[in-house]
Novice: 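Mind having a look at this structure? Questions to follow.
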Amino acid sequence: MKVERLLWLGASVLVFAGFIYFWQLISDYRWVSPVFLPGPDRAWQALVRGITTGDLLVRWTATIERMIYGWLLASLAGICLGALIGSSERARAYIGPTLELMRPLPASAVVPLAIALLGLSETMVLAVIAFGGLWPMLLATVHGFSAVEPRLYEVSRALGLSRTAVIFKIALPSSMPDILAGMRLSLTVALILAVIGEMLASRDGLGSHIMLAARAFRSPDLFAGVILLGVTGLVSAMLLSWFESWMLRWRESR
Amino acid sequence: MVSVNAKAAGDPILEIDKVNLTLGGHEILRDVSAQIGNGEFVCVVGPSGCGKTTMLRLLAGLYQPSAGAVTYRGQRMLHPRQDIAIVFQDYGKALLPWRTAHGNVALAFEAMGAPRNGRDEKIEQLLVKVGLGGQGKKYPNQLSGGMQQRLQIARCLAQSPAVLLMDEPFGALDAMTRQGLQDEVLSIVRETGATAFFVTHDLEEAIYLGDRVIGMLPHPGRVAITVDVNLPHPRNQLTTREDPEFLSLRRQLFDFIKDAES
Amino acid sequence: MNALMRIDPRGMILPVGLIIVAEAAARLTNLQSDALAPPSDILLSGIKALADGSMLYATWQTLANAFAGLAIGFSLGMALGILMGLFRPLNRLLEVTVEVLRPIPSVALLPVALLVYGFGHRMEFSIVAFATLWPALILTRSAIAGIEPRLLEVSRALQLSLGARIFKIVIPAALPRIFVALRLAVGISLIVAVTVEVTTNPMGLGYKMMEASQGLQPGLALAYLVWVGMLGWAVNGIMVLAQKHLFGAAANVEARL
Ligand SMILES: Nc1ncnc2c1ncn2[C@@H]1O[C@H](COP(=O)(O)OP(=O)(O)OP(=O)(O)O)[C@@H](O)[C@H]1O
Ligand SMILES: [Mg+2]
């Protein structure tokens, strides 16, 4: 069983390698102009060069930092606000529809407003990331808190749990699946907005790196940046999903 | 109106006095009175929807009467109390799925602010008492239905309750598991001297467990009959159920339910 | 679940109150700002932009790009999703490729598209296509995996051809959940289109918003912001209604990526 799974995984890696090889062929035989599409070899060289000279590394960490700070800010605010709104029927009736109205607003659409208010600053980028990441968190937390099994509230009344104990021992853990799903979505949004913020505000980071590379027709540098962004997305999603399955280990154990 | 008097000597521990209850515009209970003596085991039977659960929730302090009063040791029940424990019928919903068996019992100690010292040992003792010794690390969804219900009982026992309110606790379990748990509950109640209020659909279960059985009727919910059970303790799944007294009580309650449903 | 259907007056207090407070505050402080504008100004600018057709033209550009990209991305993703859902070996062989490509943030391809196509429609909808392809693929695949196995056995027992199997059994059976994926993808397409316009592409609503903001017309910029929100809300509302209408209560499934 386990062996079979590994074999398939190996085959799947081979298929992926095949695609990369195909990409190499495309550039070797000039099917697509190398101005647009450098081969994986040149993209890799640019990547290694960027990392060893440190340029790319600095930008990469800057992007990751922005993403994580904005995301943490959004998560914290989203969980607290969502808990407040979700745990009260009344608050939901008053605030819920407004949230629904705001929900479809693309976070990037507030960028012009944010620039006008905060200038092309670091704060602006962080504010946009936090704003964009807030919605998935907020909606997920509200949903989680309003979907707590009512029987558990009765149990806590019968046990005489205090109000804070009910929040931390009943409502929060019970909403955890929703909260974690919201955090996952929020992290994706945070990466996208970090890149956009860097592009627009020309803050040093992968976003501005790939934009400048494209403007200067340095396609290997561009693809090196894209690869790093892909890696960032992949690794952060993987870490979070491990964290998620660890937090929710009580669910799978059947 | 049939008044139900405490069999046990002395003041009743729980008393329902001329209670009416209206929920969402519907009259659910009308003029219900009952007294439960200290240490008594009272069972409640009646057709579905007659208000058994509602009565239990009144006793728990989860509902407030629209008229009349529910008192515990002479004081009005205005909210749930830690010395009154509730065993819910839907054990699947009443346990915290993200906590282990151990953690679920611990919740009761946390609620009481009990000291951490020796807590683990106490929890293990409680788990052993309900037959879950060594299962503390398992999550509720790794336990069978019967084990989950035992776990809920263990959590209730952690409250060291003076009163145990049980709402069809064994309703969803198979006959064998049920009988085992009946005997366990009986011995626990006798051992701790707790008062028990036990809702069930099963007439035989009511007679087997109870010192007294209350029969209720619907539309609106009211107490219609009460019978004393004078069967010897300790009870035994074979001999008690063959006792002539048991059979005649069963007949009496069976007729009552049949009349109620016709 | 659905804010379109029931209107609780309590929910209106907050937005209406905020608008009134914003208006009053702007008037009392005699607001002179490059970023903010009183609601009345926003409304007026919005009406003016609507009347002279510039807002509608920009809306048309944005929607055209979003839906062109959606059409390409979603049908490609759906086709792949169906194949991967039906043929487990294919699914397993492509697993790594999908998992590696999927997390690339769509905006990372913005400069690539810019390099290849320059400004214009093509760069915008190619990015929308990339962004909508993945949810379409993933959700279609899981929709197929969720089909009652009996149905697939029936189609095999009847010896249906692959085409007949897909069009007569698989797609109808998975349609409610595929539609949920479409609803999600429609939202994404609009968001991505506006994002591309805000960031680089000089056309559509995003660009108009940026232009107004940089031209120190905060009223107009905010009017566009509100308009984009209303558009997203309306598009989602239409999709929800369509879903209800097409699949009834059976379609009450939520998409989780
Ligand atoms: N919150 C409520 N609002 C309105 N009516 C209620 C509420 N709770 C219960 N009822 C009604 O009160 C009546 C009694 O309900 P209750 O749950 O006490 O019945 P029960 O005797 O426990 O039935 P069962 O044996 O099926 O559990 C039912 O007709 C029920 O519909
Ligand atoms: Mg009941």
Novice: Can you confirm whether more than 12 heavy atoms, excluding those of Phe87(C), are under 6.0 Å from its CZ atom?
Specialist: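 Yes, the 6.0 Å shell around CZ holds more than 12 heavy atoms from other groups.
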Novice: Do any of residues 216-230 of chain A come closer than 4.5 Å to chain C, heavy atom to heavy atom, and if so which ones, in number order?
Specialist: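 Residues Phe217(A), Ser219(A), Leu222(A), Phe223(A), Val226(A), Leu229(A), Gly230(A) are the ones that qualify, each having a heavy atom under 4.5 Å from chain C.
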Novice: For the atom pair OG (Ser213(C)) and CG (Leu117(A)), what is the distance rounded to the nearest 0.5 Å?
Specialist: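 Ser213(C) OG to Leu117(A) CG: 9.0 Å, rounded to 0.5 Å.
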Novice: Should we count CH2 of Trp44(A) as having more than 12 external heavy atoms under 6.0 Å?
Specialist: no
Novice: Do Thr97(C) and Val15(A) pass the side chain to side chain contact (heavy atoms under 4.5 Å, CB included) test, and can you show the C-alpha distance, the side-chain angles, and the key distance before you say yes or no?
Specialist: CA-CA 8 Å; Thr97(C) 311; Val15(A) 169; 4.2 Å; yes
Novice: Are any non-hydrogen side-chain atoms of Leu200(A) and Val198(C) less than 4.5 angstrom apart?
Specialist: yes
Novice: Answer with side chain, backbone, both or neither: which region of Leu109(C) has an atom nearer than 4.5 Å to a non-hydrogen atom of chain A?
Specialist: side chain
Novice: Distance from Thr98(A) atom OG1 to Met12(C) atom CE, nearest 0.5 Å?
Specialist: 6.5 Å
Novice: Using heavy-atom distances under 4.5 Å, tell me whether Ile13(C) contacts chain A through its side chain, its backbone, both, or neither.
Specialist: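 Interface part for Ile13(C): side chain.
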Novice: Where on Pro218(C) is there a heavy atom nearer than 4.5 Å to chain A: the side chain, the backbone, both, or neither?
Specialist: neither
Novice: Hey, mind stepping through Val111(A) and Met209(C) against side chain to side chain contact (heavy atoms under 4.5 Å, CB included) and telling me if it holds?
Specialist: CA-CA 9 Å; Val111(A) 169; Met209(C) 195 160 35; over 6 Å; no
Novice: Considering only heavy atoms, which portion of Leu205(C) lies under 4.5 Å from any heavy atom of chain A: side chain, backbone, both, or neither?
Specialist: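 Neither part; nothing is under 4.5 Å.
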Novice: Please tell me if the side chains of Leu37(A) and Val116(C) come closer than 4.5 Å, counting only heavy atoms from C-beta onward.
Specialist: no
Novice: Could you check whether atom CH2 of Trp31(A) has more than 12 heavy atoms from other residues, nucleotides or ligands sitting under 6.0 Å from it?
Specialist: yes
Novice: Side chain, backbone, both or neither: which part of Met199(A) has an atom under 4.5 Å from a heavy atom of chain C?
Specialist: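 Side chain only.
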Novice: Testing the basics here: between Pro112(A) and Met210(C), what is the closest heavy-atom pair and its distance to 0.1 Å?
Specialist: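 Taking Pro112(A) first and Met210(C) second, the nearest heavy atoms are CG-SD, 3.5 Å.
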Novice: Please walk me through it: do Leu14(A) and Val96(C) pass side chain to side chain contact (heavy atoms under 4.5 Å, CB included)?
Specialist: CA-CA 9 Å; Leu14(A) 278 182; Val96(C) 169; over 6 Å; no
Novice: Roughly how far apart are Arg215(A) CZ and Thr200(C) OG1, rounded to 0.5 Å?
Specialist: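 Result: 8.0 Å between the selected atoms.
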Novice: With a 4.5 angstrom heavy-atom cut-off, which part of Tyr94(A) approaches chain C: side chain, backbone, both or neither?
Specialist: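 Its backbone and side chain both get close to chain C.
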Novice: Which atoms of Leu94(C) are under 4.5 Å from chain A, going by heavy atoms: the side chain, the backbone, both sets, or neither?
Specialist: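 For Leu94(C), heavy atoms of backbone and side chain both lie under 4.5 Å from chain A.
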Novice: Could you check which of Ala214(A), Ala93(A), Ala116(A), Gly233(A) has the highest count of heavy-atom pairs closer than 4.5 Å to chain C?
Specialist: Ala93(A)
Novice: Is any side-chain heavy atom of Val228(C) less than 4.5 Å from a side-chain heavy atom of Pro106(A)?
Specialist: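 Result yes, sub-4.5 Å side-chain heavy-atom pair found.
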Novice: Is the closest basic N to carboxylate O distance between Glu89(A) and Arg10(C) below 4.0 Å?
Specialist: no
Novice: Hey, which of Thr195(C), Val194(C), Val192(C), Ile104(C) has the most heavy atom pairs under 4.5 Å with chain A?
Specialist: Thr195(C)
Novice: Heavy-atom cut-off 4.5 Å, strictly under: side chain, backbone, both or neither for Leu231(C) against chain A?
Specialist: neither
Novice: Starting at CG of Leu114(C), measure out to CE of Met211(A) and round the result to the nearest 0.5 Å.
Specialist: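 One gets 5.5 Å once the value is rounded to the nearest 0.5 Å.
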Novice: Heavy-atom distances under 4.5 Å only: say whether Ile115(A) touches chain C with side chain, backbone, both or neither.
Specialist: side chain
Novice: Of the backbone (N, CA, C, O) and the side chain (C-beta and beyond), which part of Val32(A) lies under 4.5 Å from a heavy atom of chain C, both, or neither?
Specialist: neither
Novice: With a 4.5 angstrom heavy-atom cut-off, could you sort out which part of Leu216(C) is near chain A: side chain, backbone, both or neither?
Specialist: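 Neither part.
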Novice: For the candidates Leu110(C), Thr199(C), Val98(C), which exhibits the highest count of non-hydrogen atom pairs separated by less than 4.5 Å from chain A?
Specialist: Thr199(C)
Novice: Of the non-hydrogen atoms in Arg92(C) and Trp8(A), which two are nearest, and what is the gap between them?
Specialist: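 Where Arg92(C) meets Trp8(A) most closely, the heavy atoms are NH1-NE1, 2.7 Å.
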Novice: Once rounded to the nearest 0.5 Å, what's the spacing between atom CG of Leu101(C) and atom CZ of Phe16(A)?
Specialist: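 Result: 6.0 Å between the selected atoms.
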Novice: Any chance CZ of Phe67(C) has more than 12 other-residue heavy atoms, nucleotides or ligands included, within less than 6.0 Å?
Specialist: yes
Novice: CD of Glu99(C) to CE of Met238(A): how many Å apart, nearest 0.5 Å?
Specialist: 9.5 Å
